[in-house]
Amino acid sequence: MKRIAILGSTGSIGVQALDVCRRSPERFRVTALTANRNIALLEQQVREFSPQYVVTAQPQLYPALCQALRDLPVKVLCGTEGICQVAADGQNDMVLNAIVGIAGLRPTLAALEAGTDLALANKESLVTGGELVLQAARESGAALIPVDSEHSAIFQCIQGLADPSEVSRILLTASGGPFYGKKREELQNVRAAQALRHPNWDMGAKITIDSATLMNKGLELIEACHLFHKRPEEIEIVVQRESIIHSMIQCVDGAILAQMGAPDMRVPIQYAFTWPQRTPLATTPVDFARLGKLTFGEPDEETFLCLKACKEAYRRGGLYPSVVNGANEEAVSLFLRDRIGFLEIGKLVWGAMESVKPDGIEVTLENILTADHQARTYVKANTGIVGGR
Ligand code: NDP
């Protein structure tokens with residue numbers, strides 16, 4: 001029986017993680033649930049899974065959550081502090097971080113510093129925290145297990161090698177998103193509703209927009225560099241339209257290993273929970289004969305500026321990935337509220353990188369949060385000016 005705290009339990013990954021736990025109650029015990037504002041769903045989840053702790057990130061929702069759960073013996077907490085407290089609870093065998101955005105960084109560090117194994121869906125914490133996150137894991141000995149489907153695929157492939165240094169190249173797959181093949185002129189008038197229609201995956205709003213702009217692939221490239229100790233030149237992004245191949249590794253002898261399956265995040269979630277073992281999970285099998293073919297291509301970095309911005313940010317190093325990430329989070333939020341156009345997201349991300357310029361500043365938690373804030377301020381100040389509509 002593994003005791004697992006689920007951070008971001010009301011989101012797309014959180015809900016699927018709870019489904020994994022629901023299907024194997026003899027294997028997984030949910031110890032804590034956290035959300036931001038959706039306390040109605042959080043209450044339902046507490047009633048079903050009976051965790052010891054429940055947290056809302058919003059202190060103003062604390063009284064309402066306490067009131068809703070007053071008949072239960074669950075301990076109610078609030079704020080980022082509350083989330084970090086449950087992340088650092090030494091009683092857990094594992095923490096799943098499925099919070100969206102840089103809000104996940106402090107809980108990631110809290111879990112790893114406490115020495116608790118971390119199943120990481122929150123890619124933004126590795127993109128911004130980078131070496132800080134890896135160092136926390138190294139120092140405490142906690143395992144950092146990727147949940148992102150591509151990184152889980154690479155991680156799964158590596159399990160078959162005698163030594164991870166036998167990997168010469170990573171082939172990071174991308175679906176290409178809803179606008180694959182389109183040029184800038186065709187993307188001028190794209191609205192949130194169109195960008196939210198991902199061809200293969202049903203995910204939270206932020207990552208779905210990131211998939212449409214290819215920011216997601218840029219964030220994943222940085223994530224892969226950190227997780228697998230590779231340089232960007234050793235990682236090739238391959239468009240795999242059907243999202244059947246979740247990523248591949250090429251070994252030093254030229255052999256290529258792939259992890260495949262129908263798009264279903266419960267597979268990487270459960271693998272992170274049970275690693276290094278595998279346990280049964282009812283999933284839709286891939287019918288290769290019916291599928292007929294797999295389609296490959298390459299990403300278009302001239303149309304999708306965010307991918308190139310992430311590569312440049314990683315090349316510059318230091319706090320640049322935090323700037324790019326913060327600018328993107330702010331821009332996506334504005335796009336979702338119809339305040340800026342689709343193409344402005346990439347322009348604002350590049351603009352923030354050129355304007356904030358955090359060269360030579362040490363990567364500490366405080367400086368990451370400052371760089372994030374400066375990038376967001378840049379985006380807010382330049383909305384409607386940079387490439388304005
Ligand atoms: P969702 O938006 O669906 O869910 C996000 C979760 O985080 C919700 O529980 C939300 O609470 C909570 N949350 C939001 N803001 C805060 C905050 N400021 N403080 C604390 N909690 C907060 O996101 P996804 O599940 O799609 O994605 C989660 C993470 O996993 C992201 O980093 C994403 O990139 C990554 N990921 C997601 C995949 C997917 O298939 N969805 C695939 C691979 C990676 P509330 O509901 O109350 O708003």
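Indexing begins at 1, ligand by ligand and atom by atom, following the structure's order. On a predicted model such as this, the values are computed, not experimentally measured, just so you know.
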- Heavy-atom gap Ser149 to ligand 1 smaller than 4.0 Å: no
| query | Any N or O on Ala205 sitting closer than 3.5 Å to an N or O of ligand 1? | reply | no
Note: ligand 1 atoms sitting under 4.0 Å from heavy atoms of Ala103 are 17 (C), 18 (N), 19 (N)
Q) Of all the heavy atoms in Arg37, does at least one lie under 4.0 Å from an atom in ligand 1? A) yes
Within the side chain of Asp148, is there an N or O that forms a donor-acceptor pair under 3.5 Å with the backbone of Glu150?
no
When distances are taken from atom 11 (O) of ligand 1, the protein heavy atom at minimum range is Asn36 N, 3.0 Å
Ranked by distance from atom 35 (C) of ligand 1, the top protein heavy atom is Ala121 O, 3.1 Å
message = Quick check on the 6.0 Å ring-centre criterion: do His226 and Tyr314 meet it?
response = yes
Atoms of ligand 1 under 4.0 Å from any heavy atom of Gly8, numbered from 1 in the order shown, are 6 (C), 7 (O), 9 (O)
**Asked** Any sub-3.5 Å donor-acceptor pair from Glu223's side-chain atoms to Lys123's backbone N or O?
**Response** no
Out of Ala57, Ser211, Ser12, the nearest non-hydrogen contact to atom 41 (N) of ligand 1 is supplied by Ser12
Ranked by distance from atom 44 (C) of ligand 1, the top protein heavy atom is Asp148 OD1, 3.2 Å
Is a side-chain donor or acceptor of Arg376 paired with a backbone partner of His373 at a separation under 3.5 angstrom?
no
Next item on the list: Assess whether atom CD of Glu131 is packed by more than 12 heavy atoms of other residues, nucleotides or ligands within 6.0 Å.
Entry: yes
The atoms of ligand 1 lying under 4.0 Å from a heavy atom of Met203, numbered in the order shown, are 39 (C), 40 (O), 41 (N)
With heavy atoms and a 4.0 Å threshold, my read on which part of Glu124 contacts ligand 1 is side chain
**Q.** Trace of the salt bridge (Lys or Arg N to Asp or Glu O under 4.0 Å) decision for Asp264 with Arg266
**A.** CA-CA 5 Å; Asp264 184 339; Arg266 291 172 313 160; 2.7 Å; yes
Restricting to heavy atoms, the pick from Ile13, Ile39, Ile83 nearest atom 25 (O) of ligand 1 would be Ile13
- request: Answer yes or no: does an N/O atom from Thr34 fall short of 3.5 Å to an N/O atom of ligand 1?
  value: no
Review point. With a 4.5 Å heavy-atom cut-off, do Lys311 and Leu221 have their side chains touching?
Key: yes
Original post:
Taking the side chain from Thr173 and the backbone from Val238, do they hold a donor-acceptor pair closer than 3.5 Å?
Top reply: no
Quick note on ligand 1: atoms under 4.0 Å from a heavy atom of Ser9 include exactly 9 (O)
Polar-atom distance check: Asp202 versus ligand 1, any N or O pair below 3.5 Å? no
When rounded to the nearest 0.5 Å, the distance separating CZ of Arg47 from CD of Glu43 is 4.5 Å
Ala98 heavy atoms within 4.0 Å reach ligand 1 at atoms 5 (C), 6 (C), 7 (O), 28 (C)
Taking only non-hydrogen atoms of Lys123 and a 4.0 Å limit, the atoms of ligand 1 in range are 32 (O), 34 (O), 44 (C)
- Any chance the side chains of Gln91 and Asp89 put a donor and an acceptor closer than 3.5 Å? no
Does any N or O in the side chain of Trp275 come within less than 3.5 Å of the main-chain N or O of Ile145, such that one atom is a donor and the other an acceptor? no
Note: heavy atom closest to atom 36 (N) of ligand 1, options Thr208, Asn216, Val127, Ile207, belongs to Ile207
heavy-atom search around atom 21 (N) of ligand 1 in the protein gives Ile99 CG2, 3.7 Å
message: Between Asn122 (side chain only) and Asn97 (backbone N and O only), is there a donor and an acceptor less than 3.5 Å apart?
response: no
(request) Verify, without hydrogens or angle tests, whether Lys230 (side chain) and Val167 (backbone) share a donor-acceptor contact under 3.5 angstrom. (result) yes
query: Hey, what's the ring geometry for Phe179 with Phe342, parallel, tilted or perpendicular (30° and 60° as the breaks)?
result: perpendicular
Considering distance alone, does some N or O of Gln16 sit under 3.5 Å from an N or O of ligand 1? no
Among non-hydrogen protein atoms, atom 4 (O) of ligand 1 lies closest to Gly11 CA, 3.1 Å
message: Geometry only, no angles: is Gly204 polar-contacting ligand 1 at N/O separations under 3.5 Å?
response: yes
shortest atom 2 (O) of ligand 1-to-protein heavy-atom contact is with Val100 CG1, 4.0 Å
For Thr10, the atoms of ligand 1 under 4.0 Å from one of its heavy atoms are 8 (C), 9 (O), 10 (C), 11 (O), 45 (P), 46 (O), 47 (O)
